[in-house]
Chemist: 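The structure's right below; bear with me while I get my questions together.
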Amino acid sequence: MGGAFDFLTMEFFTRAEVFPGSLGTFRYRFRRTGWMGDGEIQAWVYENVCFELAGDAETETFPWTEEGVAALKDWLGRKLTERGTEPYRIPYPPEQ
C-alpha cells in the first residue's frame, strides 16, 4: 500500500494537537507537543474499535522534524503491513 501516508508532512501536524484516522480497519492516532522543529509527535496504532477501548495499542514517539516525520511514515507503513486492513463495513444482519 505505497503512499498511504504521503499526506503526512511537517505542516500537517499544525492542524490539530490530536488527530485520529483510519485506513479501513487500520486505525491510528497522533498527538503533537511543542513546536515544529523541536516538538514531538506520538503515534498509536490500534484495533478496529474506539481509541479509549483499544486493548492492543502500540505507540512510538518521533521528533517533529523532517527526519522524524519520515520515520513516522515508515513506522506506520510497517504497522499497516503487519496488522493489515480491510474495508470498513457494518455487518448485516448483525452478528449474534
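From a predicted model like this one, the values you see are computed outputs, not experimental measurements.
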Chemist: Quick one: pull up CH2 in Trp64 and CD1 in Ile41 and give me the separation to the nearest 0.5 Å.
Modeler: 6.5 Å

Chemist: I need the minimum non-hydrogen distance between Ala43 and Phe62, along with the two atoms involved.
Modeler: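 It is CB-CE1, 4.4 Å.
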
Chemist: Within this structure, what is the CD-CZ distance for the pair Glu58 and Arg78, rounded to the nearest 0.5 Å?
Modeler: 10.5 Å

Chemist: Roughly how far, to the nearest 0.5 Å, is CG of Asp6 from NZ of Lys73?
Modeler: 5.5 Å

Chemist: Out of curiosity, does Met10 fall in the hydrophobic cluster containing Phe30 (side-chain heavy atoms, cut-off under 4.5 Å, transitive links)?
Modeler: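 The answer is yes; both residues are in one hydrophobic cluster.
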
Chemist: To the nearest 0.5 Å, what is the distance between OH on Tyr28 and CG on Leu8?
Modeler: 6.5 Å

Chemist: Are any of the side-chain heavy atoms of Val45 and Leu76 separated by less than 4.5 Å?
Modeler: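 Touching, per the 4.5 Å side-chain cut-off.
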
Chemist: Between Thr85 and Leu80, is the side-chain contact (heavy atoms from CB on, under 4.5 Å) condition met? List the steps.
Modeler: CA-CA 7 Å; Thr85 187; Leu80 178 58; 4.0 Å; yes

Chemist: Would you name the heavy atoms of Asp56 and Arg83 that are closest together and state the gap between them?
Modeler: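 In terms of heavy atoms, the two residues are closest at O-NH2, 2.7 Å.
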
Chemist: Strictly distance-based, threshold 3.5 Å: is any side-chain N or O of Glu47 a donor or acceptor partner for the main-chain N or O of Gly55?
Modeler: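 Side chain of Glu47 to backbone of Gly55, a donor-acceptor pair under 3.5 Å: yes, one is there.
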
Chemist: In the hydrophobic clustering (ILVMFWY, side-chain contacts below 4.5 Å, transitive), which residues join Tyr46, or is it alone?
Modeler: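 For the cluster that includes Tyr46, the remaining residues are Trp44, Phe51.
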
Chemist: I would like to know whether Leu72 and Phe13 meet side-chain contact (heavy atoms from CB on, under 4.5 Å); could you show each step before the answer?
Modeler: CA-CA 12 Å; Leu72 167 60; Phe13 294 101; 3.5 Å; yes

Chemist: Under 3.5 Å, side chain of Ser22 to main-chain N/O of Thr25, donor-acceptor pair present?
Modeler: no

Chemist: Would Leu23 and Phe5 count as a side-chain contact (heavy atoms from CB on, under 4.5 Å) if you check the C-alpha gap in whole Å, the side-chain angles of each, and the deciding distance to 0.1 Å?
Modeler: CA-CA 10 Å; Leu23 290 170; Phe5 301 105; 3.6 Å; yes

Chemist: Taking a hydrophobic cluster as the set of Ile, Leu, Val, Met, Phe, Trp and Tyr residues connected by side-chain heavy atoms closer than 4.5 Å, whether directly or through intermediates, do Val49 and Val18 fall within one such cluster?
Modeler: no

Chemist: What distance do Arg32 atom CZ and Gln42 atom CD have between them, rounded to the nearest 0.5 Å?
Modeler: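 CD of Gln42 is found 14.0 Å from CZ of Arg32.
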
Chemist: Say whether Phe7 and Phe26 are linked into one hydrophobic cluster, either directly or through other cluster members, by side-chain heavy-atom distances under 4.5 angstrom.
Modeler: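 Same hydrophobic cluster.
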
Chemist: Just how far is it from atom CD of Glu60 to atom CG of Asp74, taken to the nearest 0.5 Å?
Modeler: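 It comes to 12.0 Å.
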
